[in-house]
Amino acid sequence: MPPGGTGRGMGGPMGGKFLTEEEKANQPKVTPALLKRVFSYLKPYSKQLILVLICIIVSSFFSLMPSIITGKILDDGLMKKDFAALIYYIVLSLIVTLLASLIGVAETYINTWIAQHITFDMRNQMYRHLQNMSQRFFTTNNQGDIITRMTSDIDGVKSVITSTFSSILSNSITLIIAMIAMFRKNWILALVGIIIVPIFTVPTRQAGKKRWSLTNESQKVNDEVNGILNETLSVSGQLLVKLFGKERYEYERYEKANRKMIGLNIKESMAGRWFRVVLTTFTSIGPMLIYLAGGILMMKYNSDLTIGDISVLVALLGRMYMPVNSLLNIQVDWIRSMALFTRIFDYFDIPVEIKNAPDAITPETVRGDVVFEHVEFSYDESKKILKDINFTLNAGKSIAIVGPSGSGKSTIVNLIPRLYDVDSGKVTFDGTDVRKIDLKFLREKVGVVSQETYLFNGTIRENLLYAKPDATEADMIEALKKANIWDFVEGQEKGLDTEVGNRGLKLSGGEKQRISIARIILKDPVIFIFDEATSALDSISEKKIQDAIDPIIKSKTSILIAHRLSTILAADEILVVKDGTIAERGSHKELLSKEGIYRELYETQFSKAIVEEDGVSELEQYVWGTQPADEPYEGE
Ligand code: ADP
């Protein structure tokens with residue numbers, strides 16, 4: 001270690017900080033716009049930043065003071081044999097050192113405070129932004145990536161502020177102060193010293209680079225050795241080795257890798273050792289040169305330099321190595337920091353796809369008529385998913401959508417609450433294009449029970465209140481009763497306060513479905529959409545769900561993506577979707593008589609579902625016992 005360095009946390013003289021090939025290839029473009037944007041996050045904290053800057057300047061100054069005081073101790077104390085002066089300067093030196101450390105504490109505190117507040121702002125901004133992202137964003141981006149942006153990328157910003165930025169500042173300031181002090185003492189000696197500093201840092205970097213590449217190489221060999229161990233020391237690996245008589249071969253393979261590793265390890269240790277030789281030599285050359293040049297000036301040119309002055313210069317020189325070295329290495333941190341910001345900003349720049357129109361309206365009254373007019377839609381350019389979809393759902397009526405899996409049924413219903421927007425054509429709600437209706441209002445009026453019911457980790461009560469925060473206990477019980485799940489909830493020890501577990505995993509599929517139906521009943525939308533689960537539930541669960549949704553289908557405006565005949569029969573109209581178009585439409589009877597896709601579906605899918613059930617009698621009775629929804633419903 002060079003004497004008395006003040007460099008901060010930038011990896012020390014060894015550096016060890018070099019960009020990987022990948023980082024080199026993906027270097028961010030640092031434009032003024034990018035910098036401006038980065039600094040815009042610092043701006044709200046400009047007062048605190050000024051305070052940090054003052055702290056850094058003062059503490060750098062104080063930490064250099066002892067080096068300057070050394071001169072006074074030598075010249076005014078020791079040389080003049082002035083004991084009082086000696087004590088004075090010793091005490092002064094100790095006090096400024098202490099002050100420098102205390103100010104350092106304050107600086108760390110303010111710095112951390114700023115960093116925490118900036119990341120707090122960024123996280124909130126990012127979370128709000130992500131909440132506004134469309135369904136498309138969440139289906140196309142990996143959830144892990146999204147969470148990484150929110151957590152570790154933004155965390156990285158914290159260390160950029162507490163370490164990279166403050167290191168640049170404090171090292172530059174230390175250097176500037178040290179240089180000014182040196183030049184004020186003697187410009188010739190200052191020059192001599194300053195020329196030496198870069199000469200010292202070059203071998204430092206070289207040695208660091210060499211060691212870094214050796215570390216990388218030995219890491220690879222280490223992986224190789226571990227790979228061999230994992231493969232050959234596992235039960236099945238050993239069996240293979242034994243049965244093929246490969247013991248000797250495997251031993252030799254292991255021995256070779258092992259030998260390569262020790263070679264590398266020795267080289268790595270020696271690279272560090274040579275580096276220390278270079279370092280010690282250079283750090284001692286600097287002071288020697290100053291002594292030499294100082295001696296020449298004093299002895300040959302009669303300069304008024306004192307022993308103290310020369311000591312001050314030597315001491316200050318010692319304080320310059322670390323900051324210079326850190327600043328030379330800072331480029332790597334700088335590039336990484338900028339890459340971090342670029343990644344975060346890339347996310348911020350993803351446009352909000354589904355947003356409120358500036359002239360969005362909030363209708364006073366709602367009926368619940370939904371019309372699809374020549375709707376075309378695709379998730380991406382490669383494939384058109386919906387082609388010329390036209391249908392009308394009148395308020396109070398219900399439509400069942402049937403069709404093969406992947407034909408576009410869910411896509412059709414997703415367009416109603418604007419999870420996606422149409423490519424062309426339009427979806428209207430009470431005659432107004434849904435894109436012109438206030439988004440929050442629209443989504444309030446449309447209730448969806450999706451195929452994969454999602455409950456938040458919490459109690460049944462909390463999950464219900466999510467739909468209607470001001471629901472009373474009585475409201476909740478009524479909804480649960482309608483959803484045919486109250487008996488279950490009531491039977492639980494904790495009733496409404498029963499925990500549903502992560503994603504509702506503590507409940508069965510059928511129970512989850514019915515709780516989510518209760519949630520929709522509480523939400524009380526104008527249009528109900530049921531995306532029926534394809535996975536078979538047991539017949540009793542099915543019946544309970546059917547009993548819960550039947551009254552809704554019959555009394556409310558609803559769309560059902562149906563897989564079970566019983567649900568289909570309850571609807572007023574059936575749309576048969578195939579390859580993104582409505583291939584057939586009509587009532588069950590009409591469609592059956594057509595001998596088309598519906599009939600085919602009926603014969604393969606619906607009747608099969610009945611045969612597959614082992615509780616045949618109950619389900620069959622139920623399925624076939626339900627009459628087409630002609631009879632008026634008298635539930636509500
Ligand atoms: P269904 O509900 O009839 O089973 P979907 O509406 O879910 O069909 O899907 C229709 C087509 O759109 C399928 O080919 C499916 O692969 C595709 N698809 C569905 N969701 C997405 C998505 N988020 N991104 C891209 N393609 C999708």
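Heavy-atom basis, side chains included; hydrogens, waters and symmetry copies ignored. Everything numeric in this text was worked out from a predicted model, so none of it was measured. When a ligand or atom number is given, it counts from 1 through the structure's own listing order.
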Inset, instruction - Run the ring-centre check on Phe137 versus Tyr347 and record whether the distance is less than 6.0 Å. - result: yes

Inset, instruction - May I ask you to check whether over 12 heavy atoms, not counting those of Lys578, lie within 6.0 Å of atom NZ? - result: no

Inset, instruction - Tell me, please: is Tyr420 in heavy-atom contact with ligand 1, that is, under 4.0 Å? - result: yes

Legend entry - Close approach, Gln135 and ligand 1, non-hydrogen under 4.0 angstrom: no

Inset, instruction - Determine whether any heavy atom of Ser405 lies closer than 4.0 Å to an atom of ligand 1. - result: yes

Legend entry - Region of Thr411 that comes within reach of ligand 1 [heavy atoms, distance under 4.0 Å]: both

Inset, instruction - Could you tell me whether Asp380 and ligand 1 have an N or O pair separated by under 3.5 Å? - result: no

Inset, instruction - Give the numbers and elements of all ligand 1 atoms closer than 4.0 Å to a heavy atom of Thr139. - result: 23 (N)

Inset, instruction - Determine, using ring centers only, whether Tyr41 and Phe341 are less than 6.0 Å apart. - result: no

Legend entry - Where ligand 1 meets Lys409 - atom numbers and elements under 4.0 angstrom, heavy-atom basis: 1 (P), 2 (O), 3 (O), 4 (O), 6 (O), 8 (O)

Legend entry - Pro404 near ligand 1 by a heavy-atom separation under 4.0 Å: yes

Inset, instruction - Please check atom 22 (C) of ligand 1 for a protein heavy-atom neighbour under 4.0 Å. - result: yes

Inset, instruction - Look at atom 12 (O) of ligand 1 and say which protein heavy atom is nearest, naming residue and atom and giving the distance to 0.1 Å. - result: Ile385 CD1, 3.3 Å

Legend entry - More than 12 heavy atoms from other groups under 6.0 Å of NZ on Lys387: yes

Inset, instruction - Just jot down the ligand 1 atoms closer than 4.0 angstrom to any heavy atom of Gly406, in number order. - result: 1 (P), 3 (O), 4 (O), 8 (O), 10 (C), 11 (C), 13 (C), 14 (O)

Legend entry - Whether over 12 other heavy atoms sit under 6.0 Å from Tyr466 OH: no

Inset, instruction - Report yes if some N/O of Gly408 lies less than 3.5 Å from some N/O of ligand 1; otherwise report no. - result: yes

Inset, instruction - Provide the number and element of each atom of ligand 1 under 4.0 Å from a heavy atom of Lys383. - result: 14 (O)

